[in-house]
Amino acid sequence: MAGRLDLDGNPIKPITICMIGAGGFIGSHLCEKLMTETPHKVLALDVYNDKIKHLLEPDTLQWSGRIQFHRINIKHDSRLEGLIKMADLTINLAAICTPADYNTRPLDTIYSNFIDALPVVKYCSENNKRLIHFSTCEVYGKTIGSFLPKDHPLREDPDFYVLKEDTSPCIFGSIEKQRWSYACAKQLIERLVYAEGAENGLKFTIVRPFNWIGPRMDFIPGIDGPSEGVPRVLACFSNNLLRREPLKLVDGGESQRTFIYIKDAIEAVLLMIENPERANGHIFNVGNPHNEVTVRQLAEMMTEVYSKVSGETAIESPTIDVSSKEFYGEGYDDSDKRIPDMTIINRQLGWNPKTSLWDLLESTLTYQHRTYAEAVKKATSKPVAS
Ligand SMILES: NC(=O)c1ccc[n+]([C@@H]2O[C@H](COP(=O)([O-])OP(=O)(O)OC[C@H]3O[C@@H](n4cnc5c(N)ncnc54)[C@H](O)[C@@H]3O)[C@@H](O)[C@H]2O)c1
Ligand SMILES: O=C(O)[C@H]1O[C@H](OP(=O)(O)OP(=O)(O)OC[C@H]2O[C@@H](n3ccc(=O)[nH]c3=O)[C@H](O)[C@@H]2O)[C@H](O)[C@@H](O)[C@@H]1O
C-alpha cells in the first residue's frame with residue numbers, strides 16, 4: 001500500500017470518507033476495495049449492515065479501526081452533518097433504486113432520491129466538502145432513435161442511441177408513466193448538485209452507473225428478502241434459476257442493456273476518489289458498451305452459465321413471456337437501449353471496463369449458487385402447513 005501515486009504521479013494522502021448507503025450492493029464492494037487496497041478511513045452510514053458484516057468483525061481484521069459503522073436513517077438523524085464534517089469526502093449512494101418501486105411507491109421513490117439527498121448536498125456545500133453523488137443512466141430515459149419507425153435506417157446511427165453526458169437529452173414518458181419518478185428525481189438532484197458547483201463552488205462528481213451487476217446485488221425473494229419482493233433483473237433471474245422456474249421476460253425481453261461487472265466499475269470510482277483534480281466538476285458514465293444484450297439474450301446466457309456452474313441441466317422451457325402490467329403493475333415503462341459513451345471518463349481517468357458478460361456471469365452465478373442453492377432447496381422442500 002505504501003507509495004501509492006495518483007494519475008499525475010503525486011503521492012496519495014489517506015483521507016476519511018463519509019459513505020452514505022455503504023451497506024448496499026455498490027457500497028459493500030467499495031468498502032471492501034477501500035479496506036483491502038487503500039489506507040483510507042470509512043465512516044459507513046446505512047440502516048443495514050448485513051452486506052458489510054465481514055468487514056466490520058472481528059476486531060483482528062487488519063483494517064479494524066479504519067471502518068466504522070453508523071446505523072443512521074438520513075431522513076431524520078441529526079448526526080448526519082457532524083459525520084460529513086468529520087470527513088474529507090462524502091459519497092452518497094443511499095436511494096430506493098429498484099424499478100418495481102418506481103410505479104408502485106412513487107412518493108417514497110421521489111423522497112428518497114431527491115428530498116432525502118438535499119441535506120447531504122447542502123451540508124457538503126456549506127462545509128466546503130467534496131461530494132461524489134450517485135445518479136443513474138436512467139436520467140437519459142429513452143433514446144432519440146426509439147421514436148423512429150422500427151425499420152428506419154437512422155436507428156443504426158450511433159448519434160441516435162449512444163448516451164453522452166454533455167450532449168444527450170433526457171427523454172422520459174408522461175407523468176402517468178410513474179416509472180420515470182426515479183429518473184426525474186435523480187435528474188433534479190443532479191441539476192441541484194451542478195448548480196451548487198456553479199453558484200457556490202461545491203466540488204462535486206456525479207456518477208451515472210449503467211447496470212452494474214455482481215455478487216451481493218439485491219436479494220433472493222423468500223431467502224434474504226421478502227417473498228413478494230421484486231429485485232432487479234440479475235436477482236430475479238437468479239431466483240428463477242435457483243428454483244428451477246422459467247425466467248420471466250417482461251414484454252418479450254426486447255429491451256437492451258449493457259451490463260458491467262461491479263469490480264470493474266469500482267475501479268472507476270476509486271480513480272475518482274483518488275484523483276479529485278481530474279474528477280471534480282464532471283459527470284461520468286460508468287458502463288461497459290461492449291456487453292450489450294437484449295433481456296432475452298441475457299436470460300439465455302444466464303441459463304447456460306447457470307447449468308455450467310451448478311451442474312444441473314436447464315428446464316424444458318427456460319423462459320416465459322409476461323406483460324409489464326402483470327409483472328410491475330400500472331405505470332411501468334422502459335428504457336429501450338443503453339450504450340454509454342466512454343469519451344469523458346477515458347479522457348479524465350484513463351479508465352476502461354475489462355470483464356466480458358460471460359465471465360462476469362460465470363463468477364456471479366457461481367456466487368449465487370454457492371450462497372443460496374442450499375437455502376432455496378430447504379425452503380422449497382418444506383411441507384405446506386395444512
Ligand atoms: N447497481 C446499479 O447498477 C446502479 C445503477 C444506477 C444507479 N445506481 C445508484 O447507485 C446507488 C447505490 O445503488 P445500489 O445498487 O448499491 O443499491 P442498494 O439498494 O443495494 O444500496 C442502497 C443503500 O442505501 C441505503 N439507504 C437507502 N435509504 C437510506 C436512508 N434513508 N438512510 C440510510 N441509508 C439508506 C439502503 O439501506 C441500501 O443499503 C443508488 O443511488 C442507485 O440509484 C446503482
Ligand atoms: O442498473 C441501472 O443502471 C439502473 O437501471 C435499473 O433499471 P433497469 O435496468 O430497467 O432494471 P432491471 O430490474 O435490472 O431490469 C432490466 C430489464 O429487465 C427486465 N426484466 C426484469 C426482471 C425480470 O424478471 N424480467 C425482465 O424481463 C426489465 O423489464 C428491464 O427491461 C434500475 O433503475 C436502477 O438500479 C439503476 O438506476
Side-chain angles (χ1 to χ4, degrees), residues 19-30 44-52 70-77 80 91-102 108-109 111-113 115-117 119-120 132-140 179-183 185-186 189 207-214 216-219 221 225 230-240 245-262 265 269 285-287 293-296 298-299 302 319-324 327-328 332-338 340:
M19 197 190 299
I20 307 168
F25 164 57
I26 296 176
S28 72
H29 286 274
L30 189 53
L45 281 57
D46 206 304
V47 279
Y48 304 112
N49 67 7
D50 318 34
K51 295 185 184 185
I52 51 170
H70 298 262
R71 196 175 299 279
I72 281 182
N73 184 337
I74 60 162
K75 269 186 197 300
H76 41 67
D77 201 304
L80 180 62
I91 301 180
N92 190 7
L93 294 152
I96 288 178
C97 53
T98 36
D101 293 321
Y102 308 162
D108 287 341
T109 302
Y111 271 78
S112 168
N113 283 283
I115 307 283
D116 299 347
V120 177
I132 298 183
H133 185 81
F134 270 71
S135 180
T136 172
C137 59
E138 286 214 11
V139 296
Y140 294 110
R179 156 61 182 255
W180 303 109
S181 58
Y182 167 76
K186 286 279 202 199
I189 198 76
V207 187
R208 291 183 181 163
F210 280 64
N211 291 81
W212 299 9
I213 62 175
R216 295 199 289 271
M217 186 169 195
D218 299 336
F219 58 89
V230 180
R232 287 170 284 188
V233 69
L234 173 81
C236 283
F237 285 175
S238 300
N239 182 39
N240 299 142
E245 295 166 349
L247 281 58
K248 292 182 178 158
L249 299 178
V250 172
D251 293 339
E254 284 176 13
S255 297
Q256 290 165 291
R257 294 289 187 271
T258 49
F259 293 95
I260 177 171
Y261 193 35
I262 181 72
V269 182
N285 285 344
V286 181
V293 278
T294 62
V295 174
R296 178 179 292 278
L298 174 75
M302 283 182 67
T319 60
I320 184 172
D321 285 3
V322 293
S323 72
S324 54
F327 192 79
Y328 288 113
Y332 181 74
D333 199 1
D334 208 353
S335 301
D336 52 304
K337 186 174 174 75
R338 288 182 183 160

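In listed order, ligands and their atoms are each counted from 1.
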Just which atoms of ligand 1 are under 4.0 Å from any heavy atom in [X]?
{"X": "Gly23", "value": "39 (O)"}
{"X": "Ile74", "value": "30 (C), 31 (N), 32 (N), 33 (C)"}
{"X": "Pro209", "value": "4 (C), 5 (C), 6 (C), 7 (C), 8 (N)"}
{"X": "Gly21", "value": "23 (C), 24 (O), 25 (C)"}
{"X": "Tyr48", "value": "37 (O)"}
{"X": "Ile72", "value": "32 (N), 33 (C)"}

Enter the distance from [X]:[atom1] to [Y]:[atom2] here, rounded to the nearest 0.5 Å.
{"X": "Ile213", "Y": "Leu298", "atom1": "CD1", "atom2": "CG", "value": "6.5 Å"}
{"X": "Arg71", "Y": "Asp77", "atom1": "CZ", "atom2": "CG", "value": "12.0 Å"}
{"X": "Met302", "Y": "Leu247", "atom1": "CE", "atom2": "CG", "value": "6.5 Å"}
{"X": "His133", "Y": "Lys186", "atom1": "NE2", "atom2": "NZ", "value": "5.0 Å"}
{"X": "Ile91", "Y": "Leu45", "atom1": "CD1", "atom2": "CG", "value": "12.0 Å"}
{"X": "Arg338", "Y": "Glu138", "atom1": "CZ", "atom2": "CD", "value": "4.5 Å"}

[X] heavy atom under 4.0 Å from ligand 1:
{"X": "Asp116", "value": "no"}
{"X": "Ser112", "value": "no"}
{"X": "Ala22", "value": "no"}
{"X": "Lys51", "value": "no"}
{"X": "Arg232", "value": "yes"}

Could you find the nearest protein heavy atom to [atom] and give me its residue, atom name and distance?
{"atom": "atom 43 (O) of ligand 1", "result": "Tyr182 OH, 2.7 Å"}
{"atom": "atom 32 (C) of ligand 2", "result": "Tyr102 OH, 3.3 Å"}
{"atom": "atom 3 (O) of ligand 2", "result": "Asn211 N, 2.6 Å"}
{"atom": "atom 35 (O) of ligand 2", "result": "Arg232 NH1, 2.8 Å"}
{"atom": "atom 17 (C) of ligand 2", "result": "Val295 CG2, 3.6 Å"}
{"atom": "atom 21 (C) of ligand 2", "result": "Tyr328 OH, 3.3 Å"}
{"atom": "atom 9 (C) of ligand 1", "result": "Ser135 O, 3.6 Å"}
{"atom": "atom 41 (O) of ligand 1", "result": "Lys186 NZ, 2.8 Å"}
{"atom": "atom 29 (C) of ligand 1", "result": "Ala94 CB, 3.9 Å"}
{"atom": "atom 27 (O) of ligand 2", "result": "Val250 N, 2.9 Å"}
{"atom": "atom 31 (O) of ligand 2", "result": "Asp334 OD2, 2.6 Å"}
{"atom": "atom 19 (O) of ligand 1", "result": "Cys97 SG, 3.8 Å"}
{"atom": "atom 16 (O) of ligand 1", "result": "Ile26 N, 2.8 Å"}
{"atom": "atom 15 (O) of ligand 2", "result": "Val233 CB, 3.7 Å"}
{"atom": "atom 38 (C) of ligand 1", "result": "Asp46 OD2, 3.5 Å"}
{"atom": "atom 30 (C) of ligand 1", "result": "Asn73 OD1, 3.5 Å"}

Just to check, does [X] reach to within less than 4.0 Å of ligand 2 when the distance is taken from its heavy atoms?
{"X": "Pro99", "result": "yes"}
{"X": "Lys186", "result": "no"}
{"X": "Arg179", "result": "yes"}

Does the [X] side chain pair with the main chain of [Y], one donor and one acceptor, at a distance under 3.5 Å?
{"X": "Arg257", "Y": "Ser335", "answer": "yes"}
{"X": "Asn113", "Y": "Ile96", "answer": "yes"}
{"X": "Ser324", "Y": "Val250", "answer": "no"}
{"X": "Asp218", "Y": "Arg232", "answer": "yes"}
{"X": "Lys337", "Y": "Thr258", "answer": "no"}
{"X": "Ser181", "Y": "Tyr102", "answer": "yes"}
{"X": "Trp212", "Y": "Phe25", "answer": "no"}

Quick check: does Lys248 get an N/O under 3.5 Å from an N/O on ligand 2? yes
Give yes or no for whether the N/O distance cutoff of 3.5 Å, strictly under, is met between Cys97 and ligand 2. yes
If you compare all heavy atoms of Cys236 against all heavy atoms of Val230, which two are closest, and at what distance to 0.1 Å? SG-CG1, 4.0 Å
Candidates Tyr332, Trp212, Phe327; heavy atom nearest atom 28 (C) of ligand 2 found on Tyr332
Among Ile96, Ile213, Val139, Leu93, the residue with a heavy atom nearest to atom 12 (C) of ligand 1 is Leu93
Ligand 2 versus Phe210, non-hydrogen atoms closer than 4.0 Å: side chain, backbone, both, neither? backbone
Quick look: Pro209 vs ligand 2, heavy-atom contacts under 4.0 Å, and the answer is backbone
Check the side chains of Arg208 and Tyr140 for a donor-acceptor pair under 3.5 angstrom, ignoring hydrogens and angles. yes
State, without any angle test, whether Thr109 and Asp101 hold a side-chain donor-acceptor pair at a distance under 3.5 Å. no
Evaluate the side-chain proximity of [Y] to [X]: yes if any heavy-atom separation is below 4.5 Å, no if none is.
{"X": "Ile20", "Y": "Val120", "result": "yes"}
{"X": "Asp251", "Y": "Ser323", "result": "yes"}
{"X": "Asp46", "Y": "Met19", "result": "no"}

Answer yes when Arg216 and Asp50 have at least one side-chain N-carboxylate O distance shorter than 4.0 Å, and no when they do not. no
Once you restrict to heavy atoms under 4.0 Å, what part of Trp212 touches ligand 1? Side chain, backbone, both or neither. both
Give the contacting part of Asn211 toward ligand 1: side chain, backbone, both or neither, where contact means a heavy-atom distance below 4.0 Å. backbone
Give the numbers and elements of all ligand 2 atoms closer than 4.0 Å to a heavy atom of Thr136. 4 (C), 36 (C), 37 (O)
Check this for me - ligand 1, Phe25, N or O atoms closer than 3.5 angstrom, yes or no? yes
